[in-house]
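Data block below; observations after.
All chains are named by letter (A, B, ...) in the order of the sequence lines, taking the proteins before the strands, and each is independently numbered beginning at 1.
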Number of protein chains: 2
Amino acid sequence: MNTPPSMVRLTTQRQILLEELSKVNTHPTACELYKMVQKRLPRIGLGTVYRNLEIMVDSGIILKLELGGEQKRFDATTEPHYHVRCTVCGKMDDVTLQVQEEITKKAAEKTSYKIIGHLLEFTGECPDCQKAQAAKTKEADTA
Amino acid sequence: MNTPPSMVRLTTQRQILLEELSKVNTHPTACELYKMVQKRLPRIGLGTVYRNLEIMVDSGIILKLELGGEQKRFDATTEPHYHVRCTVCGKMDDVTLQVQEEITKKAAEKTSYKIIGHLLEFTGECPDCQKAQAAKTKEADTA
DNA sequence: TTTAAATAGGATAGTAAGTATCATTTATAA
DNA sequence: TTATAAATGATACTTACTATCCTATTTAAA
Ligand SMILES: [Zn+2]
Ligand SMILES: [Zn+2]
Ligand SMILES: [Zn+2]
Ligand SMILES: [Zn+2]
């Protein structure tokens, strides 16, 4: 604790980025956020979105989810919580399951690593994709 | 169960790829495996490595680890198990912790997704990076 | 209030992991 | 042996993300 954390300026871009992220519970990707923010700031650059998301992650204002899947996703809810990912469409949602603090202790006993925390992601099929799948199966049966 | 799974030909490249992956417990990336295999097959292409790893993942011979981190890693141990990732150097190791089957049931009660499974990854600092960090701190103190 | 330094933005070029394409080679089957 | 299919290796391409650079804006000093 020697140097104070550098002050993060709350610019228009950052404010709107944070507002848009806070509006949704879809855990959008940087690209999705770019499109959302563009409606309010048509001249914003994609680089600015990436840069500011990273800055906000570093200062603890938002979370970066880099679990399974190709793209990183962002979350305005900073309290530790778990997620489900649809293996069909890639959509992510929160799972309101108590965070298992004790599991890190158990893991620490089993390894020579200094354990900091854990990432838990559930995989499954979202309601939409379940419906689509059901419709498809029905269609195949009647054909 | 209508069409039988397409037979995967065990080519030299695939065999050596699997052998090299089975030799180590470091959960190598595609690029690392490429370098390992190149020593025995100098003319192999990087595309072949990627292609065959994907084929072996699809046929269940190996596992693809795509949780946190930038690159996908591969694992010849197909039984479900957990991993630790070093947040400094990216190295991954197994954690011989009992797989929590019941956690997927708990999650299933909390969401409208059809839960298939879960991915759990611990984050921490590997012994090597701990040592390096300690040496660095000491150096800074004496300076 | 003017001026200088620091910070941030937007445009654009670059990076790197991974994927697609395609001609050639290898394996399998008729 | 020949036809068919599958796999390889070289290469081009895609894409998520990062770095660079110049301009604009904000902040602080003079
Ligand atoms: Zn879905
Ligand atoms: Zn969330
Ligand atoms: Zn390490
Ligand atoms: Zn493993």
What side-chain donor-acceptor pairs closer than 3.5 Å can you find for residues 110-123 of chain B, not counting sequence neighbours?
unit_1, atom_1, unit_2, atom_2, d
B/Thr111, OG1, B/Tyr113, N, 3.1
B/Tyr113, OH, A/Asp93, OD2, 2.7
B/His118, NE2, B/Tyr82, OH, 2.6
B/Glu121, OE1, B/Arg85, NH2, 3.4
B/Glu121, OE2, B/Arg85, NE, 3.0
B/Thr123, OG1, A/Gly117, N, 3.3
B/Thr123, OG1, A/Gly117, O, 3.3

Exercise answer: donor-acceptor pairs, residues 98-106 of chain A side-chain atoms, under 3.5 Å, sequence neighbours excluded:
unit_1, atom_1, unit_2, atom_2, d
A/Gln100, NE2, A/Glu102, OE2, 3.2
A/Thr104, OG1, A/Glu101, O, 2.8

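With sequence neighbours left out, B/Arg51 forms a salt bridge (Lys or Arg N to Asp or Glu O under 4.0 Å) with no residue at all. Under the rule for a side chain to side chain donor-acceptor pair (under 3.5 Å), B/Lys35 has no partner lying at least two apart in sequence or in another chain. Listed by chain and number, the residues in a side chain to side chain donor-acceptor pair (under 3.5 Å) with B/Gln71 amount to none (sequence neighbours excluded). Shown here are the salt bridge (Lys or Arg N to Asp or Glu O under 4.0 Å) partners of B/Arg73, two or more places apart in sequence or in another chain: B/Glu32. By the salt bridge (Lys or Arg N to Asp or Glu O under 4.0 Å) test, B/Asp128 pairs with B/Lys91, sequence neighbours left out. Under the side-chain contact (heavy atoms from CB on, under 4.5 Å) criterion, A/Tyr50 pairs with A/Ala30, A/Leu46, sequence neighbours left out. With sequence neighbours excluded, no residue satisfies salt bridge (Lys or Arg N to Asp or Glu O under 4.0 Å) with B/Lys131.
Under a 4.0 Å N-O distance rule, the pair A/Glu20/A/Lys39 does not qualify as a salt bridge.
Using a 4.0 Å cut-off, no side-chain N or O of B/Thr11 falls inside it from OP1 or OP2 of C/dA27.
Rounded to 10 degrees, the angle separating the terminal axes of the helix from C/dT1-D/dA30 to C/dA30-D/dT1 is 10°, with each axis obtained from five end pairs.
Of all the residues in residues 12-21 of chain B, B/Gln13, B/Arg14 reach under 4.0 Å from DNA chain D with at least one non-hydrogen atom. Near DNA chain C, meaning a heavy atom under 4.0 Å from it, residues 31-63 of chain B has B/Tyr50 in order of number.
Regarding B/Gln71, its CD atom lies at a distance of 17 Å from the P atom of C/dT15, rounded to whole Å. Between A/Glu70 atom CD and D/dT14 atom P the separation is 17 Å, expressed in whole Å.
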